[in-house]
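Everything below concerns the one structure shown next.
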There are 2 protein chains.
Amino acid sequence: MKQKSRSLPFDLHGLEIFLSVCDAGGMAAAAQELGITQPAVSFAIADLERRTGAALFDRKVRPLALTLTGSLMRQRASSLLADARQIPPMLRQVKLGKVALIRVGLVDSLSRAATVPLSNYLAEHAEEVSILSGLTAAHASELLTRRLDLFLGVDDLEETSGLERWEIMREPYVLLLSRSERRPRAVEDLIELAKSRPFIRFSARSRTGLEIERHLRRLGVEAAQSFEYDSPFAVAAMVASGRGFAISTPLCVAEAKFTNKELVTWPLPGPIVTRKLSVVARFRELGKIPRDVAEVAKSAFAPDLLKN
Amino acid sequence: MKQKSRSLPFDLHGLEIFLSVCDAGGMAAAAQELGITQPAVSFAIADLERRTGAALFDRKVRPLALTLTGSLMRQRASSLLADARQIPPMLRQVKLGKVALIRVGLVDSLSRAATVPLSNYLAEHAEEVSILSGLTAAHASELLTRRLDLFLGVDDLEETSGLERWEIMREPYVLLLSRSERRPRAVEDLIELAKSRPFIRFSARSRTGLEIERHLRRLGVEAAQSFEYDSPFAVAAMVASGRGFAISTPLCVAEAKFTNKELVTWPLPGPIVTRKLSVVARFRELGKIPRDVAEVAKSAFAPDLLKN
DNA sequence: CTGCCTGTATAAACTTTTTTTATATGTACT
DNA sequence: AGTACATATAAAAAAAGTTTATACAGGCAG
């Protein structure tokens, strides 16, 4: 049973060659650009096509044209390589300690509730305060590369050494529907819903988005068409406009400031899944600030939750 | 001269092994999980460390621990692989029928007004729609690296070749004060205000923030303490809470959904400065979509502006 | 339609990288 | 200190990728 199946049908090197061919407009030209021979390129492309099982180029036509699949591959490959190329410089940066400037990452779903109290607290500890919104995934790496000193966001399950964490709260994932939709009570209802209505989802770049995806896969829910957003407001707005359904959390919904007239939330059928929001900082670099920030955040949205 | 310099110090296979080691908690365990031998894993990790020039694991300690650099690598590698794994299913989908993915960057200040109409328009042209909020500066580079297909944001002054632009609108920068503050009519009043009250500003990472900074320097305004944010809501919220004053634009204020009771806007003393919002895309890759999107955006917030 | 030019595919030999078997070295725990 | 468990190293085997040489196909001129 020693199936030699790599989990992936390509590697970065193959994708680089593929993109070279796209950019150079031909295999011979790409070969020259890359400093390898033309057959090597030819082989790499053939290999990529064989392993993905998709025709990437249309050989029937002379100035080598991308197929539809090929264009998609170009899009994705290009973005993947752009990501990959950012990694080495980041790794190098990591190798490089009262604070004048405190830079804080704030996950979008806490933005509305926490911005002002957080600023008020931090104003006592720093001349300059910089609060940046966005996705936790981005914040986490910026923390490690020292572009942020602290962030409030979805806690990573895995314990990373060199960081300290202070829990703010936990909240369940909930189903978000437009007013007219009826409540799915069982997993089967949810599967049915997903077949008939588009799924409005959080970007897979966000930690929350990834967890929702994973959970849906576990439940066996498969979405038809899908729309993807990285801001809680956008997700809620789409659902409110009747475009489809979403999975979100109470805080994300509160952030978007929609009323119960436009949106309804229901418990998610199946097992209960929650997300944990925490304050994360580099270990012991900021003294008691991280713990205090967690306290501030906790009290900041405590009233909010009571309202819902 | 045959320098075998790959442009990247790792490939996906190496990263998979690295992540297995992280997850399994050891090289031997990872080897078993992957169905290869322990030395193969050992070698792959050593190779990864040698090529990236970074120590990923701390061998001095028994249950093999990640270094700080290692944690970052784990995060990035994990997200890179998650991206990579999404590609093959996508390719298959294309073969099955019409599937296109359109990825759009949307500057925060247009988020509220444009998300829904934009999605509605794009739904007719693609199976999947991905709308990512954030800063224009980030979007511009993602457009060039093909991680976005289109963005709506503050237009760069410099003409980058290979891009097409469609103007959506122009809007002036305005002064944002809390209700209790009196209106500064001359530049001198503004300079005085900046001395007595903290300046709430947009992050210098955002194009808007940079332009505001530049303008203030030209006017000779110097701020005492400063708070910095990258979301329009946060800036407005701070001003509304009486923490200080800000410079913003009508759309940014609308985005934050504050009422006239909490905030007042006044024309900026001194020369009039405006910002231009545009749709930007790679030249001719999307046919008429960019122009249409500009039209959709234009009509989307036209009513908004009339309200103010 | 035919033959030439340009550019891609294929074949066999060769080089490099990766994996394996075997064994040494190291860390933690008693 | 000794033992158990885990990682590192060495040399051989296997696999992958690259090169040279050559065959094949599409586009274009006559």
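Residue numbering restarts at 1 for every chain, and letters A, B, ... go by the order of the sequence lines. Computed from a predicted model, the values in this text were never measured in an experiment.
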Test of understanding: with side chain to side chain donor-acceptor pair (under 3.5 Å), list the residues that count as partners of [X], not counting sequence neighbours.
X	answer
Ser206(A)	none
Gln86(A)	none
Arg50(A)	Asp47(A)

What is the nucleic acid contact for Ala40(A), judged by heavy atoms within less than 4.0 Å: base, sugar-phosphate only, or nothing?
->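 Base contact - Ala40(A) has a heavy atom under 4.0 Å of at least one base atom.
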Assign the ring pair Phe227(A) / Tyr229(A) to parallel, tilted or perpendicular, where the plane angle (0 to 90°) is split at 30° and 60°.
->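 Correct class here is parallel.
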Please report the distance, rounded to the nearest Å, between [atom1] in [X] and [atom2] in [N].
X	N	atom1	atom2	value
Ile45(B)	dT9(D)	CD1	P	13 Å
Leu56(A)	dT8(C)	CG	P	15 Å
Glu49(A)	dA9(C)	CD	C1'	12 Å
Leu12(B)	dT17(C)	CG	P	18 Å
Ile17(A)	dT18(D)	CD1	C1'	10 Å
Phe43(B)	dT17(C)	CZ	C1'	8 Å
Met27(B)	dC5(D)	CE	P	19 Å
Asp11(A)	dA16(D)	CG	C1'	10 Å

Salt bridge (charged side-chain N to carboxylate O under 4.0 Å, His left out) contacts in which one or both residues fall within residues 71-83 of chain A, not counting sequence neighbours =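 Salt bridge (charged side-chain N to carboxylate O under 4.0 Å, His left out) check on residues 71-83 of chain A returns Asp23(A)-Arg74(A), Asp83(A)-Arg147(B).
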Looking only at side-chain atoms of Leu64(B), point me to the closest of dT8(C), dT7(D), dT18(C).
->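 Between dT8(C), dT7(D), dT18(C), the one nearest the side chain of Leu64(B) would be dT7(D).
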Phosphate contact (dT19(C) OP1 or OP2) by His13(B) side-chain N/O below 4.0 Å =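 Result: yes.
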Short side-chain N/O contact to dT7(D) OP1/OP2 from Ser42(B), under 4.0 Å |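 Looking at the OP1 and OP2 atoms of dT7(D), neither is under 4.0 Å from any side-chain N or O of Ser42(B).
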Could you list, one pair per line, each protein nitrogen or oxygen that sits under 3.5 Å from a nitrogen or oxygen of nucleotides 23-26 of chain C, together with the distance?
{"residue": "dG26(C)", "atom": "N2", "partner": "Arg62(B)", "partner atom": "NH2", "Å": "2.6"}

Sequence neighbours excluded, every pair satisfying ring-ring contact (aromatic ring centres under 6.0 Å, His included) that has a member inside residues 23-61 of chain B =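 Those involving residues 23-61 of chain B are Phe18(B)-Phe57(B).
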Decide, yes or no, whether a salt bridge links Glu211(A) with Arg275(A) under the criterion of side-chain N to carboxylate O below 4.0 Å.
->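 No, no charged N to carboxylate O under 4.0 Å.
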